[in-house]
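Order of listing sets the numbers, starting from 1, for every ligand and every atom in it.
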Amino acid sequence: MKPRWAAVVGYPVRHSLSPAIFREICRATGRNLEYKAVTFRGSQLAKALDAARYGPWVGWNVTLPHKERIMDMMDSLSPDAMAAGAVNCVEFRKNHLVGHNTDVTGFTVPLKRAGVTLPGKKVALLGAGGAARAVCLALKKHGVGDVFILNRTLHRAAVLSSEFSFRCTALTAKNASGAIEWADIVVNATSAGLDGRSSPLPRGTTWSKPNTAYDLIYRPRWTPFLKTAERAGCTFFNGLGMLVAQAAESWRIWTGARLPERLLERVEWRLEVMVDA
Ligand code: NAP
């Protein structure tokens with residue numbers, strides 16, 4: 001039988017870890033799926049989708065900068081994609097294109113796996129971009145107690161906080177120290193740390209409590225934010241678990257099959273090696 005196709009689509013996608021994740025999943029499950037990394041500029045996206053609609057595609061993972069623009073090109077949207085305002089997974093359901101957001105499910109999987117429960121918890125969320133929006137949605141869905149959003153640009157945090165009925169403040173050293181002292185879980189959903197040097201925590205921030213720290217960044221997997229958290233005695237996670245979990249959720253949407261936990265752990269371990277190389 002001819003293979004079906006799936007891809008990660010973005011601009012650029014050269015450094016994406018998705019092909020490695022799905023290669024490993026296909027090998028383990030024996031599924032005849034060819035997974036590619038495809039570079040499209042924004043102007044090419046609509047045409048490419050129209051052509052793909054009638055091809056042997058099962059799905060696309062969508063990465064920057066197309067996650068928001070592609071929403072208008074879908075025939076329908078899942079409730080998570082609609083509420084998150086972004087699509088990171090396209091399902092080719094016959095000739096019908098369905099937009100999903102698997103970051104919402106992906107975010108909670110590593111917490112659940114580690115036995116960290118969300119109902120009633122206090123969360124300090126750093127950042128107010130696309131990833132922070134998906135995190136807000138996941139927190140809301142799982143009955144979190146209270147959320148403080150801290151962002152460098154206050155008005156972006158204000159938009160998010162009013163939408164989800166959370167609280168917000170500017171990301172200053174004083175506010176960050178106070179929020180960390182108050183929170184059970186501190187999430188970094190900013191892009192500060194991608195360079196391995198910068199931290200979202202302004203100079204002078206104190207981390208006074210051994211709470212749970214979760215950095216959505218996975219490359220590098222050991223960020224200045226996590227190093228500060230480790231020094232404070234925190235339990236901590238990087239973004240690799242979420243990355244693998246959102247891929248597993250895409251797989252479930254495309255094939256109907258849930259992947260075994262042992263396989264996901266193995267994929268994550270392989271990615272750790274790749275990220276460190
Ligand atoms: P985005 O929409 O561009 O938002 C970036 C956020 O980072 C904004 O809140 C921005 O603040 C803040 N920021 C940037 N530089 C900063 C700095 N030096 N200090 C403080 N705040 C800073 O990006 P995104 O799509 O939300 O992605 C955010 C991060 O999540 C990225 O690192 C991405 O790799 C990661 N992510 C991981 C996964 C996963 O599966 N693990 C999934 C999705 C995203 P302003 O509003 O002030 O500009």
Side-chain angles (χ1 to χ4, degrees), residues 8 10-13 15-18 20-22 61-71 80-81 84-89 100-111 113 124-138 148-161 166 168-173 175-176 179 186-205 213-226 228 236-251 264 267-268 271-272 275:
V8 55
Y11 184 82
V13 285
H15 298 299
S16 171
L17 293 174
S18 293
I21 297 176
F22 285 98
N61 291 118
V62 183
T63 186
L64 297 175
H66 303 320
K67 288 184 182 188
E68 279 145 32
R69 179 196 295 248
I70 205 165
M71 286 183 78
D80 277 355
V87 162
N88 74 339
C89 169
H100 299 264
N101 189 306
T102 60
D103 280 341
V104 180
T105 300
F107 170 75
T108 56
V109 170
L111 292 170
R113 193 182 288 152
L125 172 62
L126 313 181
R133 181 177 287 276
V135 171
C136 283
L137 187 55
F148 234 114
I149 305 171
L150 297 96
N151 197 45
R152 190 176 57 177
T153 309
L154 182 56
H155 76 84
R156 290 186 81 189
V159 169
L160 215 51
S161 70
F166 293 152
C168 76
T169 188
L171 182 52
T172 62
N175 291 342
V186 185
V187 179
N188 177 30
T190 77
S191 43
L194 281 173
D195 59 3
R197 291 187 308 275
S198 53
S199 170
L201 303 171
R203 192 181 297 273
T205 303
Y214 189 164
D215 198 333
L216 265 52
I217 292 175
Y218 48 85
R219 184 151 51 192
R221 62 189 180 99
W222 194 222
T223 58
F225 170 83
L226 288 185
T228 306
F236 54 88
F237 307 88
N238 61 35
L240 270 181
M242 173 174 170
L243 183 75
V244 174
Q246 62 78 30
E249 179 63 5
S250 299
W251 184 267
L264 301 184
V267 172
E268 192 177 329
L271 292 188
E272 282 178 12
V275 165

- Are side-chain heavy atoms of L125 and C136 found at a separation under 4.5 Å?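 Result yes, sub-4.5 Å side-chain heavy-atom pair found.
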
Checking the N or O distance criterion of under 3.5 Å, is ligand 1 in contact with [X]?
X    : result
L216 : yes
A131 : yes
R156 : yes
G239 : yes
S199 : no
T153 : yes
R152 : yes

- Message: Tell me the closest heavy-atom pair linking R203 and A173, and the distance in Å.
- Response: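 Scanning both residues, the minimum pair turns out to be O-CB, 3.4 Å.
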
- Note on the structure: What one should report as the nearest heavy-atom pair of A84 and L137 is N-CD2, 3.7 Å

- Task: Report the C-alpha separation of V275 and L17 in whole Å, then their side-chain angles, then the decisive distance to 0.1 Å, and conclude whether the side chain to side chain contact (heavy atoms under 4.5 Å, CB included) test is met.
- Result: CA-CA 9 Å; V275 165; L17 293 174; 3.9 Å; yes

Are [X] and [Y] linked by a side-chain donor-acceptor pair shorter than 3.5 Å?
X    : Y    : value
Q246 : T102 : yes
S18  : N61  : no
N188 : D215 : yes

- Item | N/O donor-acceptor pair under 3.5 Å between R219 side chain and H15 backbone |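 Yes, R219 side chain to H15 backbone: donor-acceptor pair under 3.5 Å.
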
- Query: Would you say T169's side chain and L150's backbone share a donor-acceptor pair under 3.5 angstrom?
  - Reply: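 Absent.
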
- Message: Which option wins on minimum heavy-atom distance to atom 14 (C) of ligand 1: G129, G127, S191, S198?
- Response: S191

- Where is the nearest protein heavy atom to atom 43 (C) of ligand 1: which residue, which atom, and how far?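 Looking at atom 43 (C) of ligand 1, the protein heavy atom closest to it is D103 OD2, 3.7 Å.
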
- Message: To check your reading of the model: name the closest protein heavy atom to atom 11 (O) of ligand 1, its residue, and the distance in Å.
- Response: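 Nearest neighbour among protein heavy atoms for atom 11 (O) of ligand 1, to 0.1 Å: N151 OD1, 3.3 Å.
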
- Message: When you measure from the heavy atoms of A189 to every atom of ligand 1, does any distance fall below 4.0 Å?
- Response: yes

- Message: Can you tell me if A128 contacts ligand 1 (heavy atom of the residue under 4.0 Å from the ligand)?
- Response: yes

Side chain, backbone, both or neither: which part of [X] comes within less than 4.0 Å of ligand 1 when only heavy atoms are counted?
X    : answer
L240 : neither
L126 : neither
T190 : both

Could you list the atoms of ligand 1 found under 4.0 angstrom from a heavy atom of [X]?
X    : value
G130 : 2 (O), 26 (O)
A192 : 16 (C), 17 (C), 18 (N), 19 (N)
M242 : 39 (C), 40 (O), 41 (N), 42 (C)
L194 : 32 (O)

- Message: V186 vs F225, test: side chain to side chain contact (heavy atoms under 4.5 Å, CB included). Steps then yes/no.
- Response: CA-CA 10 Å; V186 185; F225 170 83; 4.0 Å; yes

- Query: So, K67 and D103, do they make that salt bridge, N to O below 4.0 Å?
  - Reply: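 A salt bridge links K67 with D103.
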
- Is atom 2 (O) of ligand 1 less than 4.0 angstrom from some protein heavy atom?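 Looking at atom 2 (O) of ligand 1, one finds that a protein heavy atom does lie closer than 4.0 Å.
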
- Query: Under the 4.0 Å line, does any protein heavy atom show up next to atom 33 (C) of ligand 1?
  - Reply: no

- Step-by-step side chain to side chain contact (heavy atoms under 4.5 Å, CB included) determination, L126 to N151: CA-CA 6 Å; L126 313 181; N151 197 45; over 6 Å; no

- Query: Once the angle between the rings of W222 and F236 is folded into 0 to 90°, is it parallel (under 30°), tilted (30 to 60°) or perpendicular (over 60°)?
  - Reply: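 Correct class here is tilted.
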
